[in-house]
Enquirer: 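First the structure, then my questions, so here it is.
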Amino acid sequence: MSAYKSEFLRVLAERGFIHQVSEPDQLDARARAGVITGYIGFDCTAASLHVGSLLPIMMLHWMQRTGHRPIVLMGGGTTRVGDPSGKDESRRILTDAAIGENLRAIRGIFDKFLTFGDGPRDAVMANNADWLNSLNYIDFLRDVGRHFSINRMLAFDSVKTRLERQQELSFLEFNYMILQAYDFVELHERHGCHLQMGGSDQWGNIINGIELGRRMLGAQLFALTSPLITTSSGAKMGKTAAGAVWLDADLLSPYAYWQYWRNTEDGDVERFLRLFTVLSIDDIARLAALRGQEINEAKKTLASEATALVHGRDAAAAAETAARQTFEEGVFARALPSVEIALADLEKGLGVLAAFSEKAGLVASNSEARRQVKAGGLKVNDTTVTDEKMILGPRHVTQDGVIKLSLGRKRHMLIKPV
RNA sequence: GGGGGAGUGUCCCGAGCGGCAAAGGGGGCGGACUGUAAAUCCGCUGGCUAUGCCUUCGUAGGUUCGAGUCCUACCUCCCCCA
């Protein structure tokens, strides 16, 4: 790890955010001399960001924290094209309406990590649809296209792998890198942006932007990429039973989010504390020194800190309490995720299978519920379900006024009669 | 334009003499063991009002008692020739 002099690069480096930097010495000097403006692009292919996007968001956060100005670039325009990097197939083309909806849904998350405004260090939200949608094709070819060499573009990994594997690469996708490069130039002109950050897979795209900026404007631009984060057992981050680990509380409850981090593998705890919390390096070192069973304390801290960033302190504390009551004290935790059911329906009797699948959504179908009963994976009020024909009724409501359903040891739901 | 090959369980890869809800992996879920970890072992992995019924093998037809498997057309992809 080289010794950066600017706080910005030093913090990113010591926390493990840096994979590659272009001309690190010059960037370092600039960061020390004044405010740098840098951006990261986010595409709008889904209705919420997931933990995979958390790393870039944290980079922007630290950027602002260390005195610089972050730009969040929403890919309203580029999402219409689709990034071919790392994809073995063309992406589904989304409708403009869908992109617009996704974009609106995603924006909110950034408020939790960045301070937006008009001040010199306030974060800026940009959308490349603002300039890409109105491009004139011929003008664009003459002004921008002339700076791109097909020979060189063909050598880029994202293109090369597709060609080597003889997979279709549409002209549409082929243009993605040009548009992304152009974004950098546009942001430089509009906001004086000098730095583009992103995942390591974006290195080539970012360098294209730097090249284009040099040729079109004679500007000196910089690239900074973060490593690809996988768990120590090699899996990509952000996948669980229920699917992606969304940052939106409507798609994944704060409790489930907390649980995701609580279940971090031992070998990842320290790294994740540095990347996904804002605890000081000293605090992290202390937590990372814990061994054996004690490392669970570090995991709890990781979970609460990470949850607090996304969902707020209160939600994190509630999740922690619910987890402690559920796992350590074996009592009912009212803060577990819950669904309501009409009391009248409950009085009529509710089959266990339907309760787990249709009501609680813990399993995908009645058949799945049936299988779980066979495997001993379902519990009602902490008692294993042995009869798939069991009927839940008012008598199953505990003194806390709920029925607790569990799938395995870790996933719990409360049914509340109303 | 001509010749050849391929598309399989909506997570992925991949076997499949005309009797197939379809081998085997990976992944995932559950169980055991643990520390709500990893590793390991075991089970499960299309749906339903369930000893049966329904929907699945690129799409649409056809042959057959019966088709993923044979025939025809179409779509998509790949290879060779031009």
Side-chain angles (χ1 to χ4, degrees), chain A residues 46 50 86-93 161-170 230-245 255-273 287-288 290-304 306-307 319-331 333 335-337 348-354 356-358 360-380 382-389 391 405-413:
Chain A
H50 51 83
K87 295 277 179 276
D88 27 10
E89 283 170 24
S90 295
R91 271 193 196 171
R92 211 161 51 86
I93 302 284
T161 53
R162 289 279 282 269
L163 293 179
E164 274 167 6
R165 293 161 85 173
Q166 273 139 359
Q167 273 156 341
E168 158 111 345
L169 176 69
S170 69
T230 54
T231 66
S232 27
S233 44
K236 273 189 201 145
M237 280 195 71
K239 288 285 196 151
T240 63
V245 181
Y255 172 78
Y257 189 77
W258 192 93
Q259 282 297 322
Y260 171 74
W261 293 104
R262 173 62 184 82
N263 286 300
T264 297
E265 294 171 29
D266 286 9
D268 294 327
V269 173
E270 181 182 1
R271 199 161 46 108
F272 286 2
L273 279 167
L287 289 167
L290 298 173
R291 285 290 166 269
Q293 220 181 117
E294 289 183 327
I295 202 170
N296 284 327
E297 289 309 312
K299 291 184 186 180
K300 287 179 207 166
T301 306
L302 169 63
S304 292
T307 304
E320 182 168 8
T321 302
R324 189 181 60 247
Q325 292 175 336
T326 304
F327 290 102
E328 295 175 29
E329 297 167 13
V331 299
L336 288 172
K348 271 183 256 169
L350 174 65
V352 256
L353 301 181
F356 275 92
S357 62
E358 286 149 41
L362 284 170
V363 295
S365 65
N366 284 6
S367 297
E368 171 68 18
R370 211 168 263 124
R371 271 181 232 119
Q372 290 295 356
V373 170
K374 281 204 193 81
L378 299 187
K379 293 198 185 86
V380 172
D382 296 318
T383 305
T384 303
V385 176
T386 50
D387 178 12
E388 63 179 52
K389 294 208 167 71
I391 302 293
L405 303 184
S406 310
L407 166 64
R409 289 161 302 155
K410 293 187 188 175
R411 302 170 60 200
H412 310 279
M413 268 266 179

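Proteins get letters first, then strands, A, B, ... in listed order; numbering begins at 1 in each. Below, each value reflects all heavy atoms present in this structure, side chains not excepted, and no hydrogens, waters or symmetry copies.
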Enquirer: Partner of U40(B) by Watson-Crick or G-U wobble geometry, both contacts under 3.5 Å, or none?
Expert: A32(B)

Enquirer: Could you tell me how far G5(B) sits from A39(B) if I compare only their C1' atoms? Round to whole Å.
Expert: 43 Å

Enquirer: Find which nucleotide of RNA chain B each of S365(A) and K300(A) is nearest to by heavy atoms, and output the residue with the more 5' nucleotide.
Expert: K300(A)

Enquirer: Going from OG1 on T307(A) to CZ on R262(A), what distance comes out if it is rounded to the nearest 0.5 angstrom?
Expert: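 The OG1 atom of T307(A) sits 12.0 Å away from the CZ atom of R262(A).
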
Enquirer: From CG of N263(A) over to P of G28(B), roughly how many Å is that when rounded to an integer?
Expert: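 After rounding, the gap between these two atoms is 13 Å.
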
Enquirer: Side chains of E358(A) and N366(A), heavy atoms from C-beta outward: is any pair under 4.5 Å?
Expert: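 Sidechains of N366(A) and E358(A): in contact.
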
Enquirer: Quickly work out the E265(A) CD to U36(B) C1' distance and round it to whole Å.
Expert: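 Rounding to the nearest Å, CD of E265(A) and C1' of U36(B) are 13 Å apart.
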
Enquirer: Measuring only the P atom in each nucleotide, how far is G46(B) from C41(B)? A whole number of Å is fine.
Expert: 23 Å

Enquirer: With a 4.5 Å heavy-atom cut-off, do V380(A) and L405(A) have their side chains touching?
Expert: yes

Enquirer: Is the closest side-chain heavy-atom distance between K299(A) and D266(A) below 4.5 Å?
Expert: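 They are in side-chain contact.
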
Enquirer: Quick one: which protein N/O atoms are closer than 3.5 Å to N/O atoms of nucleotides 30-32 of chain B? Pair and distance per line, please.
Expert:
unit_1	atom_1	unit_2	atom_2	d
G30(B)	O4'	Q372(A)	OE1	3.1
G30(B)	O2'	A375(A)	O	3.3

Enquirer: Quick one: does K410(A)'s side chain get under 4.5 Å of N263(A)'s, heavy atoms only?
Expert: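 K410(A) reaches N263(A) side chain to side chain.
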
Enquirer: Write down the partner of U55(B) under the Watson-Crick or G-U wobble criteria, each distance required to be under 3.5 Å.
Expert: none

Enquirer: Could you identify the nucleotide paired to U76(B), looking across every strand shown and requiring Watson-Crick or G-U wobble geometry with both distances under 3.5 Å?
Expert: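 Paired with A6(B).
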
Enquirer: E294(A) and R291(A): salt bridge (charged side-chain N to carboxylate O under 4.0 Å, His left out), yes or no, with the steps?
Expert: CA-CA 5 Å; E294(A) 289 183 327; R291(A) 285 290 166 269; over 6 Å; no

Enquirer: So which one's nearest nucleotide on RNA chain B is more toward 5', I295(A) or A364(A)?
Expert: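 Between the two, 5'-proximity favours I295(A).
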
Enquirer: Rounded to whole Å, please give me the gap between NZ in K374(A) and C1' in U45(B).
Expert: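 K374(A) atom NZ is separated from U45(B) atom C1' by 13 Å.
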
Enquirer: Taking pairing as Watson-Crick or G-U wobble with both contacts under 3.5 Å, can you name the mate of C70(B), or confirm there isn't one?
Expert: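 C70(B) is paired with G62(B).
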
Enquirer: What interatomic distance, in whole Å, is found between C1' of G61(B) and the corresponding atom of C53(B)?
Expert: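 It works out to 26 Å between them.
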
Enquirer: Using only side-chain N and O atoms of T264(A), determine if any of them is under 4.0 Å from OP1 or OP2 of A37(B).
Expert: no

Enquirer: Hey, are the side chains of T384(A) and L378(A) touching, using non-hydrogen atoms and a 4.5 Å cut-off?
Expert: no

Enquirer: Under 4.0 Å, heavy atoms only, any strand: does S367(A) hit a base, just the sugar-phosphate, or nothing?
Expert: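 Base contact.
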
Enquirer: Specify the separation, in whole Å, of atom CG of D268(A) and atom P of A39(B).
Expert: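 To the nearest whole Å, that distance equals 11 Å.
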
Enquirer: Provide the distance between the two C1' atoms, one in G16(B) and one in C20(B), to the nearest whole Å.
Expert: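 Nearest-Å result for G16(B) against C20(B) at atom C1': 9 Å.
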
Enquirer: Using atom C1' of each nucleotide, how far apart are A21(B) and C74(B) to the nearest Å?
Expert: 28 Å

Enquirer: In whole Å, what separates the P atom of U59(B) from that of C75(B)?
Expert: 15 Å

Enquirer: Report the distance from atom CG of D382(A) to atom P of U36(B), rounded to the nearest whole Å.
Expert: 15 Å

Enquirer: Check the distance between C44(B)'s P and E368(A)'s CD and give it to me in whole angstrom.
Expert: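 Distance, rounded to whole Å: 13 Å.
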
Enquirer: When the C1' atoms of A67(B) and A60(B) are considered, how many whole Å apart are they?
Expert: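 Here A67(B) and A60(B) have their C1' atoms 15 Å from each other.
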
Enquirer: Taking the P atom of each, how far is C48(B) from C11(B), in whole Å?
Expert: 15 Å

Enquirer: How many Å lie between CG on N366(A) and C1' on C54(B), as a whole number?
Expert: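 Atom-to-atom, N366(A) to C54(B), this comes out as 15 Å.
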
Enquirer: Let me know the distance between CZ of R371(A) and C1' of C44(B), rounded to the nearest Å.
Expert: 7 Å

Enquirer: Counting any heavy atom closer than 4.0 Å, what does Q259(A) reach on the DNA or RNA strands: base, sugar-phosphate only, or nothing?
Expert: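 Counting heavy atoms under 4.0 Å across all strands, the contact made by Q259(A) includes a base.
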
Enquirer: Counting C-beta onward and ignoring hydrogens, is there a side-chain heavy-atom pair between H412(A) and Y255(A) closer than 4.5 Å?
Expert: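 They are in side-chain contact.
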
Enquirer: By the rule that syn is within 90° of 0, classify the base conformation of C41(B) as syn or anti.
Expert: anti

Enquirer: Taking C-beta and beyond as the side chain, do L353(A) and E388(A) meet within less than 4.5 Å on heavy atoms?
Expert: yes

